[in-house]
Amino acid sequence: MTSSVRVRYAPSPTGYPHVGNIRTALFNWLFARHAGGSFVVRIEDTDVTRKVKGALEAILDGLKWLGLDWDEGPEAGGKYGPYFQSQRLDIYHEAAERLVSQGDAYHCYCSPERLAEMRAEQVRRKQPPGYDRHCRDLSLKERAAKEAEGITPVVRFKAPLEGQTGFDDLIRGGVVFENATIDDFILLKSDGYPTYHLANVVDDHLMEISHVLRAEEWLSSTPRHLLLYRALGFEPPRFAHLPMILGSDRSKLSKRHGAVSITDYREQGYLPEAMLNFLALLGWSLDDKTEILSPEELIASFSLERISKTAAIFNAEKLGWMNGVYIRRLGLSDFTRRSLPFLDRDLPPGVERPLPAGYVERVMPLVQERARTLLEVPELAQFFFVDELTYEPALLIARKMDRDSAAAALETSLERLLELPVFDEESLEAVLRPLAEELGLKAGQLFGTLRVAVTGRTAAPPLFQTMAVLGKEQCLKRIKAARDRLRRL
RNA sequence: GCCCCCAUCGUCUAGUGGCCCAGGACACCGGCCUUUCAAGCCGGCAACAGCGAUUCGAAUUCGCUUGGGGGCGCCA
């Protein structure tokens, strides 16, 4: 299927892939896939000083992990390349020079120090900070003098002093700005790299981007971009400004709100399909009830009209719930396969590796329903693997019992279990349930005591299933140890 | 300070003039199930920011106020 829709995700490798950025990528991807268009990834690496090592890889990994495949960009190539802005400097220079020769831009020789002072003064006088156009109308002579001083100029856009610039945002409707509030922003930095504004406009045009879906923080720079498109003689794309994702305190999501990088979520045991589903519902919804949607369903039903205008707070609690839903939906072998890396990494070092595959397969059904994240799996399953249990012996004494009755219960259980020819769930229940009555105990009392003896905890998977998986030998050993602990109490 | 955007339960949201004394989900609180935990099921709590205007009728339209967010870099 061909379509005129071409969208892009244009991350800057200056940090790790923030969930807000990834949500933007997701919406672009959904929009492209829904329309049968192209999804382009372009790397905006024009800030040499802020470049972070490994960030590019992390961004690409994050996209791949979520299944957001791109048609053009790094690793994929494409006929509009290169897709790294650092490899397109000539193109930006040419555009900047053209604007200068047309009279739409000019060279500025102001030092960073002068600019800082100017700004401080403006703030002090409660004026809107912005370039004072000091170099806008330099004479040829003045320019020559500056050049003679050896100052490398920047190129600034000559913003119109009056009039308005407006556009029709696909999500917000008509938006209008006074040109007088737009200052002469920089197009080309003195290091020869373009600023975002220039590079973004030039590339979106050259790459034939039809729709720009980006976060709302870009809304106020859109008139600058529009002005640039006009000066360059380019047809602007359609714009859609997506609602922001905020932290729990309603401020822009940042490190202090906890995990913000998509890679953090992977490490914390979130499933990519759950993450995708959750992120899609942050600022978009299908109807008044659907919560769980597969990627295919998301693609089929995605539309700009259903994107909300309101900023959304990232609700980690709900993500946890949704991840649990996805974990429970997994087939056993799938769940096991995905849990293995976590088990391998987080089970105590004393546990022998590699983990016995058959045994792991029997343990997993017992933890699947209880895990909200894969990270919790080793913790939930730990007692199945360790040799020695550590717990507070007093826990062995169930309510309305004392040390001796608990020890006696364990002792009798031991005798009965020893005789058991088949150690499966049914046989265990057949022996232990009547035993409780025989001992004059409530089922809950006996089972509680045994649960602690066998698992070391008061909350665990169902007792008989747990014991069956642990096996007769291990169970008897643990019950004996428990009995001895009680006697020493 | 200036400019722009936004405004429904604590949170994510449904709602585009009457179907809404506002629906769903997370969280929370009860109950059921039950050997604990989890899951599941049933029930409950909880919102149209305020004020004016338009209209027979407004969460839905308009205006003002208030509140929140974003932007104002040789960052993106």
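A note on names: the letters A, B, ... follow the listed sequences, proteins ahead of strands, and every chain is numbered from 1. Only this structure's heavy atoms are used, side chains among them; waters, hydrogens and symmetry mates stay out.
Residue A/Tyr131 contributes atom OH, which lies 24 Å from atom P of B/G71 at whole-angstrom precision. A/Ile182 places its CD1 atom 11 Å from the P atom of B/C4, with the value rounded to the nearest Å. Atom-to-atom, CG of A/Asn315 to C1' of B/G10 comes out at 9 Å; the value is rounded to the nearest Å. As rounded to whole Å, 13 Å separates atom C1' of B/C74 from atom NE2 of A/His93. The separation between A/Gln122 atom CD and B/C72 atom P is 14 Å, rounded to whole Å. In this structure, the CZ atom of A/Phe185 is 15 Å from the C1' atom of B/C3, given to the nearest Å. Atom P of nucleotide B/C6 and atom CD1 of A/Ile171 are separated by 11 Å, given to the nearest angstrom. Following rounding to the nearest Å, A/His225 (NE2) and B/G71 (C1') show an atom-to-atom distance of 12 Å.
Counting non-hydrogen atoms under 4.0 angstrom, A/Thr458 reaches a base of the nucleic acid. Within the nucleic acid shown, A/Val154 comes within 4.0 Å of at least one base atom, counting heavy atoms only. As judged by a 4.0 angstrom heavy-atom cut-off over every strand, A/Glu216 is placed among the base-contacting residues. Counting non-hydrogen atoms under 4.0 angstrom, A/Val176 reaches the backbone sugars and phosphates but no base. Using a 4.0 Å heavy-atom cutoff across all strands shown, A/Gly320 reaches no nucleic acid atom at all. Residue A/Pro462 is in base contact, counting any heavy-atom pair closer than 4.0 Å across all strands shown. Counting non-hydrogen atoms under 4.0 angstrom, A/Cys108 reaches nothing in the nucleic acid. Nucleic acid contact class of A/Leu463 (heavy atoms, under 4.0 Å, all strands): base. Residue contacts shown for A/Thr195 are limited to sugar-phosphate atoms, with no base heavy atom under 4.0 Å away. A/Arg306 comes within 4.0 angstrom of sugar-phosphate atoms only, judged by non-hydrogen atoms across all strands, and of no base. Within the nucleic acid shown, A/Pro11 has no heavy atom closer than 4.0 Å to any nucleic acid atom. Residue-level contact check: A/Thr290 touches neither bases nor backbone, having no heavy atom under 4.0 Å from any strand. Within the 4.0 angstrom heavy-atom criterion, no nucleotide atom of any strand lies near A/Arg457.
On the P atoms, B/C51 is 22 Å away from B/C56, given to the nearest whole Å. Comparing the C1' positions of B/C33 and B/G40 gives an interatomic distance of 8 Å, to the nearest angstrom. Between the C1' atoms of B/G50 and B/U66, the separation comes to 7 Å (whole Å). Remark: the separation of the C1' atoms in B/G1 and B/U60 is 35 Å, to the nearest Å.
Between A/Ser308 and the phosphate of B/C12, there is no side-chain N or O to OP1/OP2 separation shorter than 4.0 Å. The phosphate of B/G71 has neither OP1 nor OP2 within less than 4.0 Å of any side-chain N or O from A/Arg224. A sub-4.0 Å separation between OP1 or OP2 of B/U35 and a side-chain N or O of A/Arg433 is present. One finds no side-chain N or O of A/Thr14 lying less than 4.0 angstrom from the OP1 or OP2 phosphate oxygen of B/A76. Between A/Lys189 and B/C75 there is a side-chain polar atom (N or O) within less than 4.0 angstrom of OP1 or OP2.
Base pairing annotation: B/C21 forms no Watson-Crick or G-U wobble pair, as no partner gives both donor-acceptor distances under 3.5 Å. In this structure B/C26 sits in a base pair with B/G10, meeting the Watson-Crick or G-U test at under 3.5 Å. In this structure B/C75 sits in no base pair that meets the Watson-Crick or G-U test at under 3.5 Å. Remark: B/U60 base-pairs with no nucleotide in the shown strands. Criterion, Watson-Crick or G-U wobble with two distances under 3.5 Å. Using the Watson-Crick or G-U wobble rule with both distances under 3.5 Å, B/A39 pairs with nothing in any strand shown. Partner assigned to B/C33 is none, using Watson-Crick or G-U wobble distances below 3.5 angstrom.
Ring centroids of A/Tyr196 and A/Trp218 are separated by less than 6.0 Å, placing the two rings close together. Here A/Phe27 and A/Phe302 bring their ring centres to under 6.0 angstrom of each other.
Using a cut-off of 4.0 Å between Lys/Arg side-chain N and Asp/Glu carboxylate O, A/Arg224 and A/Asp183 are scored as salt-bridged. Note on A/Glu273 versus A/Arg338: salt bridge recorded, some NZ/NE/NH1/NH2 to OD/OE distance being below 4.0 Å.
Which of B/U11, B/C6, B/G73 sits closest to the side chain of A/Arg250 comes down to B/U11. Here the side chain of A/Ala312 is nearest to one of B/A76, B/U13, B/U35, namely B/U13. Of the candidates B/U35, B/A27, B/G15, the closest approach to any side-chain atom of A/Arg372 belongs to B/A27. The nucleotide whose nearest atom lies closest to any side-chain atom of A/Glu291 is, among B/A25, B/C3, B/C6, B/A25. In the set B/C74, B/C6, B/U11, B/C74 carries the atom at the smallest distance from any side-chain atom of A/Arg156. Across B/G69, B/G23, B/A38, the shortest atom-to-atom separation from the side chain of A/Asp288 is found for B/G23. Set against B/G70, B/C5, B/G73, the side chain of A/Arg119 has B/G73 as its closest nucleotide. The side chain of A/Lys318 lies closest to B/A25, out of B/C6, B/C72, B/A25. Comparing B/G70, B/G73, B/U35 against the side chain of A/Pro129 picks out B/G73 as the nearest. With B/C74, B/U35, B/A39 as the choices, the nucleotide that has an atom nearest any side-chain atom of A/Glu369 turns out to be B/A39.
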#### Entry: Trace of the salt bridge (charged side-chain N to carboxylate O under 4.0 Å, His left out) decision for A/Asp132 with A/Arg114
CA-CA 11 Å; A/Asp132 61 4; A/Arg114 190 187 101 76; 2.7 Å; yes
### Task
Show the numbers, then the answer: is there a side chain to side chain contact (heavy atoms under 4.5 Å, CB included) between A/Val452 and A/Thr458?
CA-CA 6 Å; A/Val452 173; A/Thr458 52; 4.0 Å; yes
### Task
Go through A/Glu291 and A/Lys318 one step at a time and tell me if the salt bridge (charged side-chain N to carboxylate O under 4.0 Å, His left out) criterion holds.
CA-CA 11 Å; A/Glu291 302 280 344; A/Lys318 186 157 184 175; 3.2 Å; yes
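Within 3.5 Å, a donor on the side chain of A/Ser190 pairs with an acceptor on the base of B/C74, or the reverse. For B/C5, its base never sits under 3.5 Å from the side chain of A/Arg172 at any donor and acceptor pair.
Under 3.5 Å, the side chains of A/Thr373 and A/Asn323 contain no donor-acceptor pair of N or O atoms.
Closest-nucleotide positions on RNA chain B for A/Lys126 and A/Gly173 were compared, and the one nearer the 5' end corresponds to A/Lys126. Ranked by how close their nearest RNA chain B nucleotide is to the 5' end, A/Leu286 and A/Gln127 are led by A/Gln127.
With contacts defined as side-chain heavy-atom distances shorter than 4.5 Å, the pair A/Ile59/A/Pro11 qualifies.
Note on ring orientation: taking the six-membered ring where Trp is involved, the planes of A/His225 and A/His197 are tilted (angle from 30° to 60°).
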